[in-house]
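Since the structure comes first, as structure tokens, the remarks are kept for the end.
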Amino acid sequence: NLNIYNNSSIIDLSGLESLSRVDGSFTIQDNDNLIDFNGLNYLDSIGGGMYIMGNVDSLFSFNGFSALKYIGGELRVQWNAHLRNFNGLDSLSYVGNSLSISGNSELLSLNGLERLEHINYGLTITYCPLLNSLLALQGVETILDSGSISIAGNDILTNLIGIDNIDLSNISFLHIFDCPNLYICNTQNVCSYLSDSEHLSYISGNANGCQSSQQIVLSCPIDSIIVEGKVFNRNYNISTGQFTNTLVPFGSTDTLEIY
């Protein structure tokens, strides 16, 4: 393992230029004056997890990690008050456990993660109030091992574009809550996930259009849906040739309207 804690005298990681691999975990935590990761320019793999946490005063990006391609465990990025983006992680393609990004109060985007393709467990992006886009995650297509996805407390996020390519069929739970400006949630993968009554979700506290699973389903480009164990078909208006905002229980004349 390589762990660097509570060292206010370092501003980068000069002196580690010959390091190409860490077999265990890698932790950088509570180093108040750390500016970047220069010195790790030849590090290409970490066998365990990578934890970048609590570097509150000076860390703005991931510059210095340009060779890093593989993290065998979790990637956790938390409580870095001035982190703006992920620039510097441009070679990273594989995370063997979960990707957790939380409590980074000045994070603006996930730029730098465009080459990431594999997350083997779960995805958490929570309480980053200035985060405005998930677009850099468009290369991720699978979460393999029954993890969950949590998008919560991101105050100005408006849509889920960026995680819309992820196959959600293997995840155990979908959380989307407390994002007051999030109004576009009806991506194809979310619609497919919510169409199965056995899939678990918690959706609440977002903007109109994404306030509940039922509201998302209503805007999905599908003709039927299962809600609380009942199959509903969209009510088709013959005169307009369009589906209306009314769902009709299969085999019934009753209707269910969702606003």
| said: Whether the side chain of S98 engages the backbone of E74 through a donor-acceptor N/O pair (distance < 3.5 Å, no angle test) should be reported. | reply: no
| If you round to the nearest 0.5 Å, how far is CZ of F173 from CD1 of I171? | 9.5 Å
| task | Considering non-hydrogen atoms only, spot the tightest contact between Y127 and N154 and give its length. | result | N-OD1, 3.5 Å
| Donor-acceptor contact present, side-chain D164 to main-chain G162, <3.5 Å | yes
| message | Assess, by modelled atom type and distance only, whether the side chains of N3 and Q29 contain a donor and an acceptor separated by less than 3.5 Å. | response | no
| task | State plainly whether one hydrophobic cluster holds both L194 and L160, where clusters connect Ile, Leu, Val, Met, Phe, Trp and Tyr through side-chain heavy atoms under 4.5 angstrom apart. | result | yes
| said: Looking at G49, is its backbone amide N or carbonyl O close enough to the side chain of N97 to form a donor-acceptor pair, meaning the two atoms are under 3.5 Å apart? | reply: no
| Are I10 and L40 grouped together when hydrophobic residues (ILVMFWY) are joined by side-chain heavy atoms under 4.5 angstrom apart? | yes
| Side-chain (D32) to main-chain (D57) donor-acceptor, under 3.5 angstrom | no
| Can you find a pair of side-chain heavy atoms, one from L137 and one from I125, that are under 4.5 Å apart? | yes
| Just by modelled atom types, is the L59 backbone N or O under 3.5 Å from a matching donor or acceptor in the N55 side chain? | no
| message | Quiz question: by atom type and distance under 3.5 Å, do the side chains of S102 and T126 form a donor-acceptor pair? | response | yes
| request: Find out whether Y121 and V95 are in side-chain contact, i.e. whether some heavy atom of one side chain is under 4.5 Å from a heavy atom of the other. | output: no
| query | Should L135 and I161 count as side-chain neighbours, where that means a heavy-atom distance under 4.5 Å? | reply | yes
| field | Interatomic distance, I46 atom CD1 to S25 atom OG [nearest 0.5 angstrom] | value | 9.0 Å
| note | CD1 (I101) and CD (Q78) are apart, to the nearest 0.5 Å, by 10.0 Å
| query | Taking the side chain as C-beta and beyond, is there a heavy-atom pair between I166 and I119 under 4.5 Å? | reply | no
| request: Following the transitive rule for hydrophobic clusters with a side-chain heavy-atom cut-off under 4.5 Å over Ile, Leu, Val, Met, Phe, Trp and Tyr, establish whether L131 and V56 coincide in one cluster. | output: no
| Joint hydrophobic cluster, I163 plus I203, side-chain heavy atoms closer than 4.5 Å | yes
| said: Could you walk me through whether V77 and L107 satisfy the side chain to side chain contact (heavy atoms under 4.5 Å, CB included) test, starting with their C-alpha distance in whole Å, then the side-chain angles of each, then the deciding distance to 0.1 Å, before giving a yes or no? | reply: CA-CA 11 Å; V77 181; L107 186 68; over 6 Å; no
| task | Work out which heavy atom in N85 is nearest to a heavy atom in N87; give both atom names and the distance. | result | OD1-N, 3.0 Å
| task | Might you confirm whether atom OH of Y42 has over 12 heavy atoms from other residues, nucleotides or ligands at distances under 6.0 Å? | result | no
| Exercise: do N7 and N31 side chains pair donor with acceptor under 3.5 Å | no
| So, does N170 use its side chain to make a donor-acceptor pair with the main chain of T142 at under 3.5 Å? | no
| task | Look at the side chain of N38 and the backbone N and O of D12, then say whether any donor-acceptor pair between them is shorter than 3.5 Å. | result | no
| remark: Between the CZ atom in R84 and the CG atom in N111, the distance rounded to the nearest 0.5 Å is 13.5 Å
| request: Please step through side chain to side chain contact (heavy atoms under 4.5 Å, CB included) for the pair T124 and R76, ending with a clear verdict. | output: CA-CA 9 Å; T124 298; R76 185 184 302 175; over 6 Å; no
| said: Within the structure provided, determine whether L116 and L99 are in side-chain contact (heavy-atom separation under 4.5 Å). | reply: yes
| Are the side chain of E17 and the backbone of G15 linked by a donor-acceptor contact shorter than 3.5 Å? | yes
| request: Answer yes or no: is there a side-chain heavy-atom contact under 4.5 Å between Y183 and T158? | output: yes
| request: With rounding to the nearest 0.5 Å, note down the distance linking CG in L75 to CG in L92. | output: 6.5 Å
| remark: Here the pair of heavy atoms bringing C179 nearest to G153 is SG-N, 3.7 Å
| message | What I'd like to find out is whether the side chain of Y5 reaches to under 4.5 Å of the side chain of D30, using heavy atoms alone. | response | no
| message | Quick check: closest heavy atoms across G122 and I143, and the distance to 0.1 Å? | response | N-CG2, 4.0 Å
| task | Check P180 against A207 and note the closest heavy-atom contact, atom names and distance. | result | O-CB, 3.3 Å
| Taking the six-membered ring for Trp, are H118 and Y94 parallel (under 30°), tilted (30 to 60°) or perpendicular (over 60°)? | tilted
| task | Identify the two heavy atoms, one from I216 and one from C185, that lie closest to each other, and give their separation to 0.1 Å. | result | CD1-CB, 3.6 Å
| How about V140 and L123: do any of their side-chain heavy atoms sit closer than 4.5 Å? | no
| request: Please answer whether the main-chain N or O of I11 pairs with a side-chain N or O of N33 as donor and acceptor at a distance below 3.5 Å. | output: no
| task | Working to the nearest 0.5 Å, report the span between CG of N132 and OG of S109. | result | 6.5 Å
| message | Tell me whether F65 shares a hydrophobic cluster with L2, the cluster being built from Ile, Leu, Val, Met, Phe, Trp, Tyr side chains joined at under 4.5 Å. | response | yes
| So, the side chain of S201 versus the backbone of L174: is there a donor-acceptor pair under 3.5 Å, distance only? | no
| task | Assert yes or no for the condition that the ring centre distance of F37 to F62 is strictly below 6.0 Å. | result | yes
